[in-house]
Q: 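Just dropping this structure here.
Lettering follows sequence order; numbering is per chain, from 1. No hydrogens, no waters, no symmetry mates; every other heavy atom, side chains included, goes into these values.
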Amino acid sequence: MTTSSKDAMRYSQLLIPTLKEVPAEAIVVSHQLLFRAGFIRKLAAGIYNLLPLALRTVHKIERIIREELGRAGAQELLMPAVQPSELWEESGRWQKYGAELLRFQDRKGAWFCLGPTHEEVITDLVKREVRSYRQLPLNLYQIQSKFRDEIRPRFGLMRGREFLMKDAYSFDATAEGAHKSYHQMYNAYRRIFERCGLDFRAVEADTGNIGGSLSHEFQVLAESGEDEILSCDHCTYAANVEKAELKAREVTAGEPTHAVEKVSTPGQKTIAEVAAFLKAAPSALAKTLLFKADDKIVVVVLRGDHEVNLPKLKALLGGVEPVLASDEVVSKITGAPPGYAGPVGLAGVEVVADNALAGATDLIVGANEADTHLRHVAVGRDFTPSKFADLRLARPGDRCPRCEEGKYVTHRGIEVGHVFYLGTKYSVAMNARFLDDKGEEKPFEMGCYGIGVTRTMAAAIEQNHDADGIKWPIGIAPYHAMVVPLQMKDAKVVETAEKIQADLTAAGLESVLDDREERPGIKFKDADLLGFPFRIVIGQKGLAGGTVELKRRGSAEVLNLSPQDAVAHIQKAVAAELQKSA
RNA sequence: CGGGGCGUAGCGCAGCCUGGUAGCGCACUCGGUUCGGGACCGAGGAGUCGGAGGUUCAAAUCCUCUCGCCCCGACCA
């Protein structure tokens with residue numbers, strides 16, 4: 001623990017512009033509190049100044065990252081924020097990346113971009129400098145500003161355009177080696193977020209556009225999270241809803257008992273309308289959705305009460321992005337207005353069905369005819385999908401796919417980290433090869449690993465706050481303690497406060513002494529708002545009895561202790577926290 | 001990009017409909033009284049009313065264009 005003078009400051013000298021009122025634009029608590037507590041100020045949409053307190057927290061998160069990645073064998077380097085277009089043309093992403101890539105020209109007219117990520121640069125570097133399997137494995141990372149010209153920056157630091165990110169890239173000679181690197185990083189990530197004091201889940205994730213076959217997201221649990229995650233209440237399986245698998249149930253295929261029958265359903269288009277009109281449960285209906293995938297039309301049939309999961313469908317289609325077909329296309333294919341599509345009698349298009357429909361009988365489906373549905377439809381008799389697959393969105397209460405007893409429960413999460421096993425996708429595309437032990441040229445096996453540093457700070461607040469302000473976890477608090485002398489005109493009070501701060505510093509603890517000539521109420525309010533883990537109040541009353549007050553932020557309990565005991569108490573608590581990383 | 005909303009003092013807002021002196025609260029400065037959970041009294045400083053053009057004797061207010069910001073949808077750390 002360093003004990004530079006910066007770790008013992010006087011409030012009056014620090015730039016901590018706290019605010020009583022919240023700017024209208026701040027919607028989420030982390031944004032509101034970072035703003036009110038004087039941690040950040042906006043410069044432009046999605047672009048923020050990090051004030052001194054915020055930077056201290058950022059430094060603490062960075063330090064934890066550096067220690068844990070170092071322990072995992074990764075090396076830090078620093079790549080440029082400005083990248084030449086040539087590299088992006090080589091990977092094909094100069095065209096593909098879209099408007100999120102901020103491009104500009106230098107004085108000679110050459111094109112550059114502000115790096116939103118660094119796969120190109122790192123792959124280029126490694127392909128030039130690494131030629132032999134003897135130099136592998138290699139894991140390189142940096143902590144650096146990224147710029148993504150987001151369509152819609154929002155929520156302060158949660159989704160900015162410029163943000164601090166730790167990005168790491170692993171290079172291995174074999175797939176097994178790459179999996180080992182992946183798991184090392186996975187474990188390092190667990191330790192990092194534990195040391196940050198966050199309640200998080202590592203969940204299986206969709207690999208999205210980055211590609212690859214293995215991926216986990218690290219999600220900080222918080223009500224305001226943008227992601228929904230499902231976890232088993234019995235075993236350890238957890239996944240982003242986009243990814244959450246479902247067990248294919250064995251079906252006891254009952255024999256169809258009725259012949260298909262047409263029913264008139266004038267004006268009844270939605271599942272809810274048809275179900276109500278025919279006095280049937282939504283689960284007795286099947287919904288038929290038409291998607292365009294490239295130039296092909298794919299028909300997806302699901303149980304009426306289920307929702308389609310697009311990433312699952314995309315995976316089934318071999319990575320082609322499915323887009324819901326337009327009303328015109330639906331009418332053309334089904335011969336009926338939208339709302340009456342059904343799988344029976346559809347010709348010339350591929351029909352896929354969700355596992356839940358395997359062996360289903362007595363379904364109500366659209367008749368491909370205006371104002372008409374069919375009932376008593378049996379899968380296999382009246383229509384036969386080319387495939388059954390897991391295509392629906394999992395819900396809380398659904399059976400866990402990994403164990404017998406468990407059910408899904410739902411949480412909201414903020415994605416603060418993501419690890420990907422990439423395989424050879426980028427190395428093949430960018431022709432990055434090495435010589436293996438048989439003298440054969442092979443593409444690198446790669447992985448990439450990100451942590452949103454500034455987002456982690458915001459997520460910590462989303463998870464740790466109350467009506468009064470922030471409640472920093474000890475590991476990433478800007479300072480450990482606020483020392484609050486109540487009567488600045490009382491020499492004994494001030495002396496005691498100064499002595500306490502000196503003792504804190506000597507004990508390796510970081511503190512701010514609130515030396516402002518303010519009324520106690522203001523000092524208390526600001527201390528709560530800033531959210532340092534401990535507050536020591538020195539007042540005339542307590543001092544008469546030789547005690548000061550120690551309060552843990554967020555706890556109602558106030559301990560009356562001697563100054564020495566108060567310092568010792570904090571030292572013990574902080575040491576216990578640090579123990580977690582040992 | 002589609003849909004909705006907002007730009008008036010550092011922050012939160014009123015004024016706009018019905019054109020005519022730019023206002024309130026917080027914050028800030030000075031003086032005084034207060035002093036253990038965002039005190040009170042008095043006196044001050046601070047605003048191109050987002051920008052440009054137009055209508056008018058006169059525009060924060062009406063019209064046109066433009067820029068910026070925020071919220072809801074498809075991306076991502």
Q: Output yes when at least one side-chain N/O atom of A:Lys20 is less than 4.0 Å from OP1 or OP2 of B:rA27, else no.
A: yes

Q: Verify whether one side chain among A:Asp167 and A:Tyr169 offers a donor that lies under 3.5 Å from an acceptor in the other.
A: yes

Q: What is the distance from CG of A:Asp466 to P of B:rG37, rounded to the nearest Å?
A: 18 Å

Q: P atom, B:rG19 versus B:rC63: distance in rounded Å?
A: 12 Å

Q: Report yes if at least one side-chain N or O of A:Arg159 is closer than 4.0 Å to OP1 or OP2 of B:rC70; otherwise report no.
A: no

Q: Rounded to whole angstroms, how far apart are CZ on A:Arg93 and P on B:rC76?
A: 10 Å

Q: Is B:rA43 paired to anything, Watson-Crick or G-U wobble with both distances less than 3.5 Å, and if yes, which nucleotide?
A: B:rU29

Q: Which nucleotide in the set B:rC76, B:rC75, B:rC71 lies at the smallest distance from any side-chain heavy atom of A:Phe155?
A: B:rC71

Q: Does the side chain of A:His216 come under 3.5 Å of the side chain of A:Tyr182 through a donor N or O and an acceptor N or O?
A: yes

Q: Considering Watson-Crick and G-U wobble pairs with both distances under 3.5 Å, what does B:rG7 pair with?
A: B:rC67

Q: Could you list all the ring pair (Phe, Tyr, Trp, His ring centres under 6.0 Å) pairs where at least one residue sits in residues 22-56 of chain A, not counting sequence neighbours?
A: A:His31-A:Tyr48, A:Phe39-A:Trp472

Q: Just to be sure I understand the rule, does A:Asp468 reach a base, reach only the sugar-phosphate, or reach nothing, if contact means heavy atoms closer than 4.0 Å?
A: nothing

Q: Roughly, in whole Å, what's the span from CD1 in A:Ile451 to C1' in B:rA77?
A: 9 Å

Q: Under 4.0 Å, counting only non-hydrogen atoms across every strand here, what does A:Glu21 touch: a base, just sugar-phosphate, or nothing?
A: base

Q: Nearest whole Å is fine: how far is B:rC76 C1' from A:Glu119 CD?
A: 12 Å

Q: Is the phosphate of B:rC72 approached by A:Arg154 (side-chain N or O, under 4.0 Å from OP1 or OP2)?
A: yes

Q: Checking all strands, does A:Val22 fall into the base, sugar-phosphate, or nothing category for heavy-atom contacts under 4.0 angstrom?
A: sugar-phosphate

Q: Dump the pairs, protein N or O against N or O of nucleotides 33-36 of chain B, anything under 3.5 Å, distances to one decimal.
A:
unit_1, atom_1, unit_2, atom_2, d
B:rU34, O2, A:Arg519, NH1, 2.6
B:rG36, N1, A:Glu549, OE2, 2.7
B:rG36, N2, A:Glu549, OE1, 2.6
B:rG36, N2, A:Glu549, OE2, 2.6

Q: Which one is paired to B:rU55, where only Watson-Crick or G-U wobble pairs with both distances under 3.5 angstrom count?
A: none

Q: Paired with B:rC35: which nucleotide, if any, by Watson-Crick or G-U wobble criteria at under 3.5 Å for both distances?
A: none

Q: Just name whichever nucleotide pairs with B:rC1, Watson-Crick or G-U, keeping both distances under 3.5 Å, else none.
A: B:rG73

Q: Classify the nucleic acid contact of A:Ala99 as base, sugar-phosphate or nothing, counting any heavy atom under 4.0 Å across all strands shown.
A: nothing

Q: Using the P atom in both, what is the distance from B:rG10 to B:rG51, to the nearest Å?
A: 13 Å

Q: I need the CD-C1' distance between A:Glu517 and B:rA39, as an integer number of Å.
A: 16 Å

Q: May I ask you to say what A:Glu217 touches in the nucleic acid, namely base, sugar-phosphate or nothing, with a heavy-atom cut-off under 4.0 Å?
A: nothing

Q: Which nucleotide wins on minimum distance to the side chain of A:Arg455, given the candidates B:rG38, B:rC70, B:rA77?
A: B:rA77

Q: Using a cut-off of 4.0 Å on non-hydrogen atoms, how would the nucleic acid contact of A:Ile27 be classed: base, sugar-phosphate, or nothing?
A: sugar-phosphate

Q: Between atom OH in A:Tyr169 and atom C1' in B:rA77, what is the gap in whole Å?
A: 11 Å

Q: Say we look at B:rC62 and B:rG15: how far apart would their C1' atoms be, to the nearest angstrom?
A: 16 Å

Q: What residues from residues 31-44 of chain A pass a heavy-atom cutoff of under 4.0 Å to RNA chain B?
A: A:Arg36, A:Lys42

Q: Is there side-chain contact between A:Leu529 and A:Arg36, with heavy atoms separated by less than 4.5 Å?
A: yes

Q: Scan residues 482-493 of chain A for pairs that pass salt bridge (charged side-chain N to carboxylate O under 4.0 Å, His left out), counting only residues two or more places apart or in two chains.
A: A:Lys489-A:Glu517

Q: Is there a side-chain contact between A:Met482 and A:Lys523 (heavy atoms, below 4.5 Å)?
A: no

Q: Taking atom C1' in both B:rC17 and B:rA60, what distance in whole Å separates the two?
A: 14 Å

Q: With sequence neighbours left out, which residue pairs that include part of residues 17-27 of chain A fulfil the side chain to side chain donor-acceptor pair (under 3.5 Å) condition?
A: A:Thr18-A:Asp526, A:Glu25-A:Lys42

Q: Starting from C1' on B:rG38, measure out to OH on A:Tyr11 and report it in whole angstrom.
A: 12 Å

Q: With sequence neighbours left out, what residues match A:Lys551 under salt bridge (charged side-chain N to carboxylate O under 4.0 Å, His left out)?
A: none

Q: Ring centroid separation for A:Tyr186 and A:Phe218, is it under 6.0 angstrom?
A: yes

Q: Determine which nucleotide pairs with B:rU48, using a 3.5 Å limit on both distances of a Watson-Crick or G-U wobble pair.
A: none

Q: Which whole number of Å gives the distance between the C1' atom of B:rC30 and that of B:rU21?
A: 28 Å

Q: Within the structure shown, what part of the strands sits under 4.0 Å from A:Gly160 by heavy-atom distance: base, sugar-phosphate, or nothing?
A: base

Q: Would you mind reporting whether A:His306 and A:Asp354 have side-chain heavy atoms less than 4.5 Å apart?
A: yes

Q: How far does the C1' atom of B:rG36 sit from the matching atom of B:rA46, given to the nearest Å?
A: 34 Å

Q: So that I know where these two stand, are A:Tyr421 and A:His179 an aromatic pair - ring centroids less than 6.0 Å apart?
A: yes

Q: Rounding to the closest angstrom, what is the interatomic distance between B:rC67 and B:rU56 at atom C1'?
A: 26 Å

Q: At 4.0 Å (heavy atoms only), tell me whether A:Asp528 reaches a base, stays on the sugar-phosphate, or touches nothing.
A: base

Q: Using the P atom as the point on both nucleotides, what is the distance between B:rG38 and B:rA27, in whole Å?
A: 13 Å

Q: Can a side-chain donor-acceptor contact be found between A:His411 and A:Glu228 if the only test is distance below 3.5 angstrom?
A: no

Q: Can you tell me how the ring of A:Phe444 sits relative to the ring of A:Phe171, calling it parallel under 30°, perpendicular over 60° and tilted otherwise?
A: perpendicular

Q: Could you state the CD-C1' distance from A:Glu25 to B:rG10, rounded to the nearest angstrom?
A: 13 Å

Q: When both hydrogen-bonding distances must be under 3.5 Å and the geometry is Watson-Crick or G-U wobble, what is B:rA14 paired with, if anything?
A: none

